[in-house]
Every structure is written in C-alpha cells, then in structure tokens.
Amino acid sequence: MSEQDERTGYDVHATEAKWLPVWDQLDPFRADDDSPREKRYALTMFPYPSGDLHMGHAEVTALHDVIARYWWQRGFEVMNPIGWDSFGLPAENAAIQRNEHPATYTYANIETQAASFRKYAVSFDWSRRLHTSDPEYYRWTQWLFLQLRRRGLAYRKSSPVNWCPHDQTVLANEQVVDGFCERCGAQVTKRELTQWYFKVTEYAQRLLDDMEDLQWPERVLTLQRNWIGRSEGAHVDFEVTTDGTGETRKVSVYTTRPDTLFGATFMVVAADAKLAEEIVSPEQRAAYDEYLAQTRMASDIDRMSTDRPKTGVFLGAWATNPVNGQKVPVWAADYVLADYGTGAIMAVPGQDQRDWDFATKFDLPIVRTVQPTEGFEAAGGEAFTGNGPAINSANEAVSLDGMGVDEAKRVIIDYLEEQGTGRGAVNYRLRDWLLSRQRFWGCPIPVIHCPRCGEVDVPEDQLPVELPELKGADLKPKGVSPLAAAEDWVNVECPQCGGPAKRDSDTMDTFVDSSWYFLRYCSPHDQDQAFDPALVREWMPVDQYVGGVEHAVLHLLYSRFFTKALFDMGLVDFQEPFTALLNQGVVINQGKKMSKSLGNGVSLGEQLSEFGVDAVRLTLVFAGPPEDNIDWADMSPAGSLRFLQRAWRLSGDVTSAAGISPTEGDVALRKVTHRTLHDAAELVESHRFNVMVARMMELVNATRKAIDSGPGADDAAVREAAEAVAILLSLVAPYTAEEMWSRLGHEPTVARAGWPVVDEALLVEDSVTAVVQVQGKLRARLEVSPDISETELEALAMGDESVQRALEGKQVRKVIVRAPKLVNIVAG
RNA sequence: GCGCCCGUAGCCCAAUAGGUAGAGGCACCAGGUUUAGGUCCUGGCCAGUGCGAGUUCGAGUCUCGCCGGGCGUACCA
C-alpha cells in the first residue's frame, strides 16, 4: 500500500488483483448466440501484434468499452470480440533479425497484449478470439479468394506496379503515401509485374451509392468519395495517323468537358503509356525514347510538385478532331497519367490551365470555346474554366454557340453518339486492388501454375495451403520471394493434369485478412465453413465500429467491397458491414505526436502502475469528445484518481441496508439521481462520454453533500444514488465500480447489474427560472411553474418591479414569450 | 492551389430547436480539519465566445469576409 492509499483507504492495485480472478470465473461478457435478448455487435478494430499495448490501444478500447458495457447494462446481448491481425511485415523483419520464425515474435506479442487487455478490463468475449495467421483462419481467407476468383473478381494481369525497394514487395495504391512506402518510408519505384488484383472497380458505383445510409463521420465518407473519384464526361474518338508510316488508328480520350471539343488544338498521350510507344513516328522515336527515359528517372516527388514547368515531346503523329476535321499534333507528356481514363487527352488550352501552360510553352494554338467573363483577360486570366456561353463551336451539322456549359455538354454528346465518334461516359479514379505481396508472413495464394493447364485453383479439400517452416535468413528476399525459393513447397503436381507445376509464391496483402474478420467472429470455431450464415444473420451487420481514421480508405473500403461481393454470392444478406463508425482521436503529448526521436512518449504501463487502470481509463474518456486528440500533458490522471476515491468513499458511508426501498428517500437527491441516469443514457448514445462523466461527478458531489449536510448517510436516497454511481461508473472504471457494488452489499458483477429504471415523475421540475429581458438585456429572473402559460408568464413579467423600471418612459412595441424560459420585451 | 473541420476563463472542456455564456475537471487563492505537508470539507478567483460585418426582438450557435490552427488531396483531363 502506498502512502496515499493509507490515507484514503482505497488501494487501486489491491482492488485490481481482487476482482480479476472473480471476473474470470463469472465470464460475464460471453455473447450467447441463443440468447432471447436483442443482439448488439460492438467491434473495435483488431490490433496488430507489435510489442505491448500503448496509449492508443488504451484510448480506443476505453471509449469502445463504454458503449459495449452500456449495452450490456441496457439488457442487450452484446458481442464484443477480440482478435489479432497477425500476418505482416514487422514480424517477418523481426524474424530475419533474430533468426527465428515470424510466428515466434507474433504469438509472443499476442500473449503480451492479451494479458494487458485482460488487466485493462475490456469487456471482450475471449471465447471468440482469433488470429489471422492461424491456419484455421487463413484457410477461409484462401477459400474466399477462390470464391472471388470464381466470380471473376480476382484476376492476374501484368502492369507497372508500385514497388518498394526496401521491403522488396509491391504495394497497393492506397499504401503509397506521397510517393513513399506507407510502411517503411522508402521511395516507391515502378516495376512491370504480373500480379493478382481484386476487381474493386466493378463496385465503384455501389460503394459510392451505399454510403447514403451509413452513420459514419462525414470526414470518412468524403475521403472515400474522393478516393473513388467519380466523374462524368465523354469518350471522344480521334483518328490518329503517324508520319512516315501511313498507319491510321482510332484513339479515344476521356474528357469531362466535351463541350470544349471545338477548342481541342492538340492531343497529349501519357509518356509511359503503351499508346505513345505505338504511335510515335520513326523520325521522332529517338526524341521520344530520350524523353521517356528522362520521365522514368524523375521521382514521383518531382512529378508532384505543383509549379513544375510542363515538359513533353512531339510524337510525329496527327489526330483528326471529329467535329471540325482539323488535324492537330499529338504530343507525349508526363502531366497525363497512363492509368487514368484512356491515358490520352484532348488538350483544350482555352479552358484548361494545364493545357494552357503546355500550349504556351510549346507554342501551340489556343482557341477559346467559352466566352470568358468581362475583364477576365484584362486581369491576366489564362485558361477560363468557369461557366459562360460557348463560342467558336459550330460546324455544318451542330452548333453549341451561345449555350451554357451544361447544355453544350448534352448537345455535343448527343451529336457524337449520332455520329458514332463518341459517347457519354463515367470515369472513376479508383483502381483495382493489387493484393499480391512478395513476402513470406502472409496468407498464401491458393493457386497452382501449370504449364499445361494455366492457373489452377487449389481444390477446396486441400485448403489451407500452409506456409512452409522457414525462418531467419531463409526469409530474406533474394530477388525472388522466400516462398519461390522454398523448392519443396513450391513444386507440386497440377491438381488437374497431374503434371509438374508450381504454387503461386506470393502471399496476400494483410488487408485481405482483415476484410472479413468481423464475419468470422460470428462463428469463430466453425471447422466446415468460413462463417455460419445463420449466426451471421443474428449478429451482423456491426452496430458500432470503433477505430482510427487511418483506415478511412484502406480497410473500410476493402471490407465494404468484400461484403458486397459476398452479398452478390448469396452468402450474406446485407450490403454494408458497419452500420455506425466512430473514429477516436490520437493520444499526443505536449502538442506533438509521441515519438522516440522527440522523446515525448508516454508509457501506458507506467501510467497504469502509477494511477491504476480505472484512473487511466477515466482520464481518456473524460478528456474531451472522443474524436478529438488528447494531449496527455493537459490531462490529470491524479485528478481522475481523486474522483474515483471520492466515489468509492460514498459506498462506505452508506448505512442503510441493501434492498431498502428508495421511495421514502430524500426527493431532492432522488431527482438528481434519476435525472443523471436519464441524461447519461442519452449522452452515451450520442457518444458524448466526457459530458456523461461530468454528470456522474455532479451526482457524486450531490451525494456527498446529502451525506454530510443533507438527509444523512442512512437516507434511502443516498443508497439509491451511490448504487447509481456504481452502475454508471461500471462503464468507465470497472474495478472501482465493482468494489463499490460489493461494499454496498451486492454480489458481483456490477457490470451486469442492469440500468436502473428511471422514474419519469422524478424528472419533472417543480419550478424553473424564467428570464425577462428588456431590449435583450437581462432585467429579472422569475421562479415559475414549468407549465405556465404564455399569457400568464407575460403578465408576471410585465408586473415585475425592475422590468417596470426599465420600461419607464418607453413604449412597449413587442413582447416575445417563450414559456416557461424567457420573455423579451422590445420597447422604444 | 483546392476541399473539409476547429478557435469559449491560465489549461482541458460544457452550453437540447438561435433564448440567463459555465455543467464537470485541472491549476491557483482563502478558510476549516490536521503536529505538519498531503488528503478531505467549504468558499473564491477567472472569459463575454479569434477579429470585423450582416440577419434577428435576441447570435458561442445562422450568413459573409479576414486571421490563426488542424486534416485531407495534389497535374484524375
């Protein structure tokens, strides 16, 4: 016992040691599939097993646990599962360093974190625990991959991909941040490789449309919308001829401004697109090759700087504008992207600033097709991107002149469709999900490559394809992936023809593992299927998902894609996995993100041993709105501990017997208790946990006062209040709550005691304060009945002495009455 | 550059449909309890809501423009 504890009598660490084994015995949070109660699914993003838990884990689970524990108290059957996202690179790198198997590091960390979660007293259902690196789990990841492949949603193609030279693996677009590897920070380069993809793009529109019904932060929805990047426009076909070859071919461009087609004075093809290579003239080839080499050398960083001058090279080819027959030059440039739209654009310098810059640099013609606003050019305006009447936009068959942008778009698309030279089109920024990884510690791709039969699925009865036992140096990438080098493993018989064949030696992106774990939780021990459809129907979709905003586009988009694909297969009966989402903020210190280099890290373990689990949890919940960042330097866990001690002392002061009827108790205190219970419920449901804690503190203060200078410790209302405090506290500070509950003469566990029934009669106020304003200035306060009528209140206000004084010599012009709270008199 | 969010006491934060700016806490000060410090109890100090306009009987809340901070995005045609 520390000194402080001796004085207060409350020993947090002894309390922790006392109740942990009791709870283990009671197992109060095991979700019963057969329960008749209404079911709720509370999910927190499962952790990656690197080291022990840190402040971030402490925050997200403390917040999430308020909701889960509240639901239990409200009588729901709650599923709040926990597992580990346990494949991934850090384990592999650690294994290479320590010359051991990645599983050693992974499962040791999992045990450490599990023990910490247990002590941290999160209301997890431990019976559903899963690890994505267990063969029992990844067997079904592989099975799902095969289902997607069967529906054409998983396919292999060759294309230039993001390659991380440090991690020696490809990356998804989503994992490249500003040209650097999201994981290790190395500069990402491009490589032409044949890789597996999931066809996310096929779901682009549905992923967009179904966001309507999600109770998600607007921020996340916006991020996903931008990521999907839908735009409307048209494909326009140009005939392209190449000098010196006599060859002619059709080239389509995508544009969102088909109305400006008459102003297309040149065409630009992405320098690294195959098309550029194909149409360049013999004469220009050398110049093009040099430009391409130059482009490839420029890093993504250089390419992304905003005010970089335009570069490009003439391809020696000419395109015919389908609406005016004009022959315009075709250039290659790096400001056009090979993998967006068709990799080629029609350039309209009059209406697009990038094209304007390019045109002025290379002295290409500029034709305006939208009349700029008055004074635009005088003010130095270049490309005019605003709305205005079309000009210079007519041929013998069609004229856009005079039309606004929207009308002109419609008319020109109709015309192009009639002529067969173009069509309206929708385009997305979203690309397919590249899921192959050239690393070891991941889920093997269950496909066999046979020289005779091609890509052959591993038969379902041979799943899982387990990882071979490699460790240490075997895992180092040596040009080929570690699996490709494992000869015994990679060489197999073709399941179709029996001939010699090779396993696919890549593993899956770990985001595949986490795209369906929420389904597995519903039947985590099922040996015969990925998930039990009946149980999934019981529990899914997730009612409340809590996690970091860093997954706004990766994990959340992929999980939505998986769910929709499974819906289309008839395997689930809902299209969105997560009904509501809460993004907690980040725990920072002294205004900055915690980091080793800054030396401002705060150790969760140290905080827990200094202040105890409950005080740390309370501090995190009370700090502010859950989505705000918490600066630990501004927090006072010592203050939280003092509050817990105050609450705890109430339980020792109560002298009435357990079970006593509260109806005879002090009405004033009873009103505070019932009002607090009523409001606390609303506050938890609207995620204003910090305010809920403040209300709880008020109740503790009121109860203290009732004991010391009110009706006294034996009053029934005091017991009622103390018990309410224990139940409210059970959402945030489970140990203190349990100890209080016990001292109040009850059996564990308070976590399942149930939310007290709120007596509506006690929520009614006898009187309220009405304010009277004259000219908006406060002149009087009146104690009135809450159901006073407007006329009554007005009369009362007008009769008030200080109001009369304020009105002296003035004419009352208007009286605004909002019974029972306010009267505002306008006079003059 | 573009888009979104946020600016309330020394600090963290409250303020249901626009209606008394302050619920809760931290820090600080005073009194009581205490051998003393701390704890505990009681009380107190502290802003007119970043700045400027507008709408309104009434604006922290709505609108516009600045200033400051944060997040996202980056040649997507």
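These values consider heavy atoms only, across backbone and side chains, with no hydrogens, waters or symmetry-generated copies. Letters A, B, ... mirror the listed sequences (proteins, then strands); counts begin at 1. No experiment lies behind these values; they were computed from the predicted model shown.
As rounded to the nearest Å, B:G18 and B:A9 have P atoms that lie 24 Å from one another. Nucleotides B:A53 and B:A59 are separated by 13 Å at their C1' atoms, to the nearest Å. Taking the C1' atom of each, B:G50 and B:C41 are spaced 39 Å apart, rounded to whole Å. Rounded to whole Å, the separation between the P atoms of B:A15 and B:C6 comes to 13 Å. The same atom, C1', is picked in B:C11 and in B:C28; the two are 11 Å apart, to the nearest Å. When the C1' atom is compared between B:G31 and B:C67, the two are found 45 Å apart, to the nearest whole Å.
For A:Glu698, the listed nucleotide lying nearest its side chain is B:A23; candidates were B:C41, B:A23, B:C75. Here B:A23 is the nucleotide among B:C41, B:A23, B:C57 with the atom lying nearest to any side-chain atom of A:Ala694. Of the candidates B:A74, B:C40, B:A15, B:C40 carries the atom nearest the A:Arg649 side chain, counting heavy atoms from C-beta on. Taking only side-chain atoms of A:Met635, from C-beta outward, the nucleotide of B:C12, B:C40, B:C75 with the closest atom is B:C12. You'll find that the side chain of A:Lys705 is closest to B:G43, out of B:A74, B:G58, B:G43. The A:Tyr335 side chain lies nearest to B:C75 when the options are B:U73, B:C57, B:C75. Nearest nucleotide to the side chain of A:Tyr340, out of B:C57, B:C26, B:A77: B:A77. If you check B:C71, B:A77, B:C75 against the side chain of A:Asp334, the one that comes closest is B:C75. When distances are taken from the side chain of A:Ser636 to each of B:G24, B:C26, B:C41, the shortest belongs to B:C26. Distance from the side chain of A:Phe622 is smallest for B:G24 among the nucleotides B:C40, B:A15, B:G24.
Regarding the sugar-base torsion, B:G32 falls in the anti class, its angle being beyond 90° of 0.
In this structure, B:G18 forms no base pair with any nucleotide, since neither Watson-Crick nor G-U wobble geometry is met with both distances under 3.5 Å. With a cut-off of 3.5 Å on both Watson-Crick or G-U wobble distances, the partner of B:A23 is given as none. With both pairing distances under 3.5 Å, B:G52 is matched to B:C64 as a Watson-Crick or G-U wobble pair. In this structure, B:C46 forms no base pair with any nucleotide, since neither Watson-Crick nor G-U wobble geometry is met with both distances under 3.5 Å. Here B:U39 sits opposite no nucleotide as a Watson-Crick or G-U wobble pair (both hydrogen-bonding atom distances under 3.5 Å). Across all strands shown, B:C4 forms a Watson-Crick or G-U wobble pair with B:G70, both key distances being under 3.5 Å.
With rounding to whole Å, A:Gln353 atom CD is found 16 Å from B:A74 atom C1'. For the pair A:Gln224 CD and B:C71 C1', the computed distance is 16 Å after rounding to whole Å. Taking atom CG of A:Asn629 as the reference point, atom P of B:G7 lies 14 Å away to the nearest angstrom. B:C41 atom P lies 10 Å from atom CZ of A:Arg642, rounded to whole Å. Between the CE atom of A:Met692 and the C1' atom of B:A23 there is a distance of 15 Å, given to the nearest Å.
Note on ring orientation: taking the six-membered ring where Trp is involved, the planes of A:His555 and A:His551 are perpendicular (angle over 60°, cut-offs 30° and 60°). Ring geometry for A:Tyr254 against A:Tyr340 counts as perpendicular: the plane angle is over 60°, on a 0 to 90° scale with 30° as the lower cut.
For A:Glu783, the CD atom is densely surrounded, since the number of other residues' heavy atoms within 6.0 Å is greater than 12.
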- Task: Check the pair A:Phe358, A:Phe266 against ring pair (Phe, Tyr, Trp, His ring centres under 6.0 Å), reporting the backbone distance first and the verdict last.
- Result: CA-CA 10 Å; A:Phe358 195 83; A:Phe266 58 102; 5.6 Å; yes
- Message: With salt bridge (charged side-chain N to carboxylate O under 4.0 Å, His left out) as the criterion, how do A:Asp352 and A:Arg257 come out once you've worked through the C-alpha distance, each side chain's angles and the decisive distance to 0.1 Å?
- Response: CA-CA 10 Å; A:Asp352 184 285; A:Arg257 292 295 301 276; over 6 Å; no
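Seen from the ring of A:Phe362, A:Lys310 does not count as a face-on cation partner, given the 6.0 Å and 45° thresholds.
No hydrogens or angles considered: nothing links the side chains of A:Trp216 and A:Gln224 as a donor-acceptor pair under 3.5 Å.
Between the side chain of A:Asp634 and the base of B:C12, no donor-acceptor pair under 3.5 Å is found.
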